[in-house]
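Written below as structure tokens is the structure these notes are about.
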Amino acid sequence: QVQLLESGGGSVQSGGSLRLSCVLSGDTFSTYSVGWFRQAPGKEREGVGVIDKVGNTLYADSVKGRFTISRDNAKNTLYLQMSSLQPEDTAMYYCAADRSLENWYFLNARLTSTLDAWGQGTLVTVSS
């Protein structure tokens, strides 16, 4: 059974940077598209970015130019480099994985059941 474990969350001031990591275990990482979602208090979960098996990426408009998603298949790890963080980026960040969805459908998934696996989340707090 595939499992995802996020790390790297924390508190940072506005304008700062953080790098999130997500390790996949229980299956072959390279066969999955992987991505990040976030959910702020009182708001719906939203897709942040996704990277497919060959390295194509797709980002939410709200993070384009500030966040970079990448993967290291040798380490079974997904990354999210976040820069120029703003208070509105405060949220629980979740990684997710799926073996078949194209990037647009992955990023716009609304139901947890749409994707094959989810992590438990890591909290990012940005103070002004």
*What's the shortest heavy-atom distance between A97 and V34, and which atoms?*
CB-CG1, 3.8 Å
*asked:* Treating D116 as the side-chain partner and R99 as the backbone partner, does any N or O pair qualify as donor plus acceptor under 3.5 Å?
replied: yes
*Can the positive tip of R71 be found less than 6.0 Å from the middle of the six-membered ring of Y79, inside 45° of the ring normal?*
no
*Donor on one side chain, acceptor on other, D27 and Y32, under 3.5 Å*: yes
*asked:* I need the C95 SG to L78 CG distance, nearest 0.5 Å.
replied: 6.0 Å
*What is the minimum heavy-atom distance between I51 and S70, and which atoms define it?*
CD1-CA, 4.1 Å
*Does the side-chain contact (heavy atoms from CB on, under 4.5 Å) test come out yes or no for V2 and L24, once each step is laid out?*
CA-CA 7 Å; V2 62; L24 185 149; 3.4 Å; yes
*For S30 and N73, work out which heavy atoms get closest and say how close.*
CB-ND2, 3.7 Å
*asked:* Please check: side-chain N/O of Q39 versus main-chain N/O of K43, any donor-acceptor pairing under 3.5 Å?
replied: yes
*In terms of hydrophobic clusters joined by side-chain contacts under 4.5 Å, are Y94 and L107 together?*
yes
*Quick one: pull up OG in S128 and CD in Q13 and give me the separation to the nearest 0.5 Å.*
9.0 Å
*asked:* Is it true that, when you exclude E88 itself, more than 12 heavy atoms of the residues, nucleotides or ligands shown sit nearer than 6.0 Å to its CD?
replied: yes
*Going only through I, L, V, M, F, W and Y residues with side-chain contacts under 4.5 Å, is there a path from L20 to V63?*
yes
_Is there a side-chain contact (heavy atoms from CB on, under 4.5 Å) between F29 and K75? Walk through the geometry before answering._
CA-CA 9 Å; F29 180 72; K75 295 183 178 180; over 6 Å; no
*Given L115 and L101, is the side-chain contact (heavy atoms from CB on, under 4.5 Å) satisfied, shown in steps?*
CA-CA 8 Å; L115 302 181; L101 283 181; 3.4 Å; yes
*Could you tell me whether the side chains of R38 and T90 share a donor-acceptor contact shorter than 3.5 Å?*
no
*Are the side chain of Q86 and the backbone N or O of S14 linked by a donor-acceptor pair below 3.5 Å?*
no
*Under 3.5 Å, side chain of N56 to main-chain N/O of D52, donor-acceptor pair present?*
no
*Using the side-chain contact (heavy atoms from CB on, under 4.5 Å) rule, take V124 and M92 through it: C-alpha gap first, then chi angles, then the decisive distance, then the call.*
CA-CA 6 Å; V124 173; M92 186 70 79; over 6 Å; no
*Does the S17 side chain pair with the main chain of S83, one donor and one acceptor, at a distance under 3.5 Å?*
no
*Is it true that a side-chain atom of R45 and a backbone atom of A40 form a donor plus acceptor pair closer than 3.5 Å?*
no
*Applying the 4.5 Å side-chain criterion to the ILVMFWY set and letting contacts propagate, would V50 and Y105 be lumped into a single cluster?*
yes
*Do the two ring centres, one from W36 and one from F67, sit under 6.0 Å apart?*
no
*Taking atom CD of E102 and atom CG of N108, what is their separation to the nearest 0.5 Å?*
12.5 Å
*For the residue pair F37 and W118, categorise the inter-ring angle as parallel (less than 30°), tilted (30 to 60°) or perpendicular (more than 60°).*
tilted
_side-chain contact (heavy atoms from CB on, under 4.5 Å) partner of Y59, chosen from V48, N103, I69_ = I69
